[in-house]
Structure formats: C-alpha cells, structure tokens
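In what follows, a single structure is set out as structure tokens and then discussed.
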Amino acid sequence: QVQVVESGGGLVQPGGSLRLSCAASRSVFSIYTMGWYRQAPGKQREFVASITSGGTINYRDSVKGRFTISRDNAKNTVYLQMSSLKPEDTAVYYCKTRDINFNDYWGQGTQVTVSS
C-alpha cells in the first residue's frame, strides 16, 4: 500500500519562506516522478514543480526563481523550498508520486497561506 504524506505548510507573511516535505512509502526504484501541485479556492488543481528519479526538474512559470524542488531518493522524499511567497501562492499543496508504471498516488495536502 502506497502512502504519500506532506508536511510543512502554514501561515507566512508575503515575502516569507516555507519548506514543504513529502515522503512516499514506495521504494525509490518504483518511483519515476515526484512532484507538487496546488489548488486554491475556486480554482482547478495546477502543476507547480516535479523532479524525476534521474533529476530532471520542471517548474510552473509563475514559480521559477522563487521555488526550488529537490529530492532524497534514499528516503523517498521530495522537498519544495518556497521563497518570496505571494498571496497568490495561497493554496492547498499536494504531493504526487508517479511510479514506473505511470500509476499516480496523491497525498492529502498541506495548507499554505500567504497573508499579512
């Protein structure tokens, strides 16, 4: 049974930083991609960033230069370092694991609120 658990969300002022973590229970050798998505109230879930087992990274244009995704394959863990946060970054952030057979597994999400 695959479990995906996010942590690190919270309330932060504009311009501040947060670091999100996501741990997956599946072996690193079964994982192709880990990534982050977010969903704000009244909006569809959108892609934020992803990293493959080989280290290929993709970002949503609006977070380039502000967010950094990284991984620790030995721990089946992915991180999202968020800086220069803006109110429009407010959303529930979800971690997704994609295995080598292209099955997707989602965490329950962690709330990020950027407000003064």
Atom CD of Q108: over 12 foreign heavy atoms under 6.0 Å = no
Check: Q111 and T90 side chains under 4.5 Å, non-hydrogen atoms | yes
Indicate yes or no: at least one non-hydrogen side-chain atom of Y37 is less than 4.5 angstrom from one of E46.
-> no
Would a 4.5 Å heavy-atom cut-off, applied to side chains only, mark M34 and C22 as touching?
-> yes
How many angstroms lie between atom CD1 of I31 and atom CZ of R98, to the nearest 0.5 angstrom?
-> 13.0 Å
Output yes when K86 and D89 qualify as a salt bridge under the 4.0 Å nitrogen-oxygen rule, no when they do not.
-> no
Return the minimal non-hydrogen interatomic distance between G9 and T110, and the atom names on each side.
-> N-OG1, 3.2 Å
Does V114 belong to the same Ile/Leu/Val/Met/Phe/Trp/Tyr cluster as M82, with side-chain heavy atoms less than 4.5 Å apart forming each link?
-> yes
Where do S115 and P14 come nearest, in terms of heavy atoms and distance?
-> C-CD, 3.6 Å
Do V48 and I57 share a hydrophobic cluster (ILVMFWY, side-chain heavy atoms under 4.5 Å, transitive)?
-> yes
Report yes or no: do V4 and V92 belong to one cluster of Ile/Leu/Val/Met/Phe/Trp/Tyr joined by side chain heavy-atom distances under 4.5 Å?
-> no
Going hydrophobic residue to hydrophobic residue with side-chain gaps under 4.5 angstrom, can you get from Y94 over to V112?
-> no
Judged by atom type as modelled, is there a donor-acceptor pair below 3.5 Å linking the side chain of N101 to the main-chain atoms of N103?
-> no
To the nearest 0.5 Å, what is the distance between OH (Y32) and CD1 (I51)?
-> 12.0 Å
Looking at S17 and S84, what are the two nearest heavy atoms and their distance?
-> OG-N, 4.4 Å
Test item: side-chain donor near acceptor, K96 and Y105, under 3.5 Å | no
Is any side-chain heavy atom of N58 less than 4.5 Å from a side-chain heavy atom of F47?
-> yes
Where is the tightest heavy-atom contact between R19 and Y79, given as atom of each residue plus distance?
-> NH2-CG, 3.5 Å
F67 and L85, any side-chain heavy atoms less than 4.5 Å apart | yes
Working to the nearest 0.5 Å, report the span between CG of L80 and CZ of R38.
-> 9.5 Å
Polar side-chain atom of S83 near backbone of R66 as donor-acceptor pair, under 3.5 Å = yes
Flag yes if V78 and Y59 sit in one hydrophobic cluster, no otherwise; membership is Ile, Leu, Val, Met, Phe, Trp, Tyr, and two members link when side-chain heavy atoms are under 4.5 Å apart.
-> yes
Is the CD atom of E88 crowded by more than 12 outside heavy atoms at less than 6.0 Å?
-> yes
Determine yes or no for a side-chain-to-main-chain donor-acceptor pair under 3.5 angstrom, with E6 supplying the side chain and G109 the backbone.
-> yes
Trace of the side-chain contact (heavy atoms from CB on, under 4.5 Å) decision for C95 with W36 | CA-CA 5 Å; C95 180; W36 293 94; 4.0 Å; yes
